[in-house]
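What follows is a short report on a single structure.
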Amino acid sequence: MLEVTGLCKGFRDESQQGRVNAVDEVSFTVKEGSFFTMLGPSGCGKTTTLRCIAGLEKPDKGDISVNGKVLFSSSKGISVAANLRNLGMVFQSYAIWPHMNVYDNVAFPLCVGARRRTSKSEVKRRVERALDVVGLGHLAGRYATKLSGGQQQRLALARALVIEPAVLLLDEPLSNLDAKLRESLRFELKRLQREQGITTVYVTHDQSEALSMSNEIAVMCEGRISQIGNPFSVYLEPENDFVADFVGLTNFLKGVVTQHSGRGGTVRTADATLIVDNIVDLTDGDECVVSIRPEQIQVMADTTPSGPNMFTGTVVTRLFTGDCMDYQIRVGNDTIRCRTPASQRYSTGKPITLALPAEYCIALRRNTIGESSERTAIST
Ligand SMILES: Nc1ncnc2c1ncn2[C@@H]1O[C@H](COP(=O)(O)OP(=O)(O)OP(=O)(O)O)[C@@H](O)[C@H]1O
Ligand SMILES: [Mg+2]
């Protein structure tokens, strides 16, 4: 189990002569054998957090421990050296040695520092096992530069696994690969992690990667964790508009909470009153945005709305993406994004009816993303 508590790390900002709070009071726990992902936009502090855990960056404040052993504690004055933390790390760039073959690359961590006394037979056993796990045993003698991108990624993984780490730290390990390979390696990496039961911290800015691979996701924004939860809760029950916006596509409808009862209530938008089943941390009179995902909206050929949360609209654009139809629908002065199965096709210019089921409508506090992200009443 990995525990990170109150982690802070700032850097001097040369351009503004101030400090950047790269990591700001970050706390999370990764259970034994679980796959934990830090997801967030560029510059939100993912790599810095990972480097603090690995011991490559010295935090300003906080505590880091693995299986009860303290690796860093600002209050206790403890900082275990990186090579003694028993953590495996795969960098975005892989950082494999071009002048070594596959076998020597994997053996390298066992031949330096604290592990250099590992016996030759033990090195052989561990390297062969690590190569076996990633399916590279047959390429042990090949030079690292003569591997494909996917094979290099697996080599980097084998090199992290060979030390039998307590925790595996992966910094965007798939981002250099083409889309098809990235997708297939996602499954492979997940299978490997589950079979080997390795506690893993994974860093990515790719939301579909995070949703498909993780047991838990921490969505990060400007050095802080915005929400932690399993993939379903992060996607279906975002706690703020940043998470709703960053994790997947969503529509935002600006409004004001008019009647809050229990978990839900009503929201008055510019054009209508919406029934909303989830209102998060808001009371009557509060400004909000109602978030609803494109695939949660029902599109009907009928042009006579027959109930609440229904609107008439016109198809502005439609895209066929293979697995679905992606529509932009004009409703009043606004545009709503909807997705339907590929078999449900409406032509451009056609009037249709949209239904926004109350169970999928979530009213969130407006503008936690920042005042700059001014939005129209309905925007995507
Ligand atoms: N050595 C450094 N010196 C100064 N600023 C730094 C340093 N390392 C990181 N930063 C700043 O800290 C913030 C967080 O950087 P970090 O690399 O952790 O982000 P990230 O989430 O990994 O981004 P990306 O997705 O682009 O890799 C950024 O504003 C970055 O410019
Ligand atoms: Mg990074």
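Just so it is clear, the values below take in all heavy atoms, side chains as well, and ignore hydrogens, waters and symmetry mates. Start at 1 and go down the list; that is how both ligands and their atoms are numbered. Note that the numbering runs from 1 along the sequence shown for the chain.
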Atom 26 (O) of ligand 1: which protein heavy atom is closest, and how many Å away? Ser42 OG, 2.5 Å
Tell me, please: is Arg51 in heavy-atom contact with ligand 1, that is, under 4.0 Å? no
If you measure from the Lys or Arg side-chain nitrogens to the Asp or Glu carboxylate oxygens, is any gap between Arg337 and Asp326 under 4.0 Å? yes
So that I can tick it off, tell me whether Lys31 and Glu216 are bridged by a salt bridge, with the cut-off set at under 4.0 angstrom between side-chain N and carboxylate O. no
Answer yes if a protein heavy atom lies under 4.0 Å from atom 31 (O) of ligand 1, otherwise answer no. no
Does Gly40 come within less than 4.0 angstrom of ligand 1, counting non-hydrogen atoms of the residue? no
Taking all heavy atoms of Val280 and all of Glu239, pick out the closest pair and write down the distance. CG1-O, 3.7 Å
Please identify which atoms of ligand 1 are closer than 4.0 Å to at least one heavy atom of Gly45. 14 (C), 18 (O), 19 (O), 20 (P), 21 (O)
Contact check, side chains of Leu7 and Thr49, non-hydrogen atoms, under 4.5 Å: yes
Quick check: Tyr202 with Phe35 (ring centres under 6.0 Å apart)? yes
Starting from atom 17 (O) of ligand 1, find the nearest protein heavy-atom neighbour and note its residue, name and distance. Thr47 CB, 3.7 Å
Heavy-atom proximity to atom 16 (P) of ligand 1 ranks first, among Asp171, Thr48, Thr49, for Thr48
Anything under 30° is parallel, anything over 60° is perpendicular, the rest tilted; go ahead and classify Phe242 against Phe246. parallel
Passing candidate, side chain to side chain contact (heavy atoms under 4.5 Å, CB included) with Val167, options Thr200, Leu71, Val66: Val66
Can you find an N or O of His205 that's nearer than 3.5 Å to an N or O of ligand 1? no
Residues Glu25 and Lys61 bridged, charged N to O under 4.0 Å: yes
If the plane angle is over 60° it's perpendicular, under 30° parallel, otherwise tilted; pick one for Tyr346 and Tyr327. tilted
Hey, are the side chains of Val267 and Val256 touching, using non-hydrogen atoms and a 4.5 Å cut-off? no
Proximity winner for atom 12 (O) of ligand 1, if only heavy atoms of Gly10, Pro41, Ala22, Gly43 are counted: Ala22
Quick check: Phe11 and ligand 1, any N/O pair under 3.5 Å apart? no
Near Phe11 CZ, under 6.0 Å, is it more than 12 heavy atoms from other residues, nucleotides or ligands? yes
If you take the nearest heavy atom of each of Lys46, Met38, Glu172, Met220, which one is closest to atom 21 (O) of ligand 1? Lys46
Does Val20 approach ligand 1 within less than 4.0 angstrom via side chain, backbone, both or neither, non-hydrogen atoms only? side chain
Counting only protein N, O or S atoms and ignoring waters, those under 2.8 Å from the Mg ion (ligand 2) are Thr47 OG1
Taking the side chain as C-beta and beyond, is there a heavy-atom pair between Leu110 and Val162 under 4.5 Å? yes
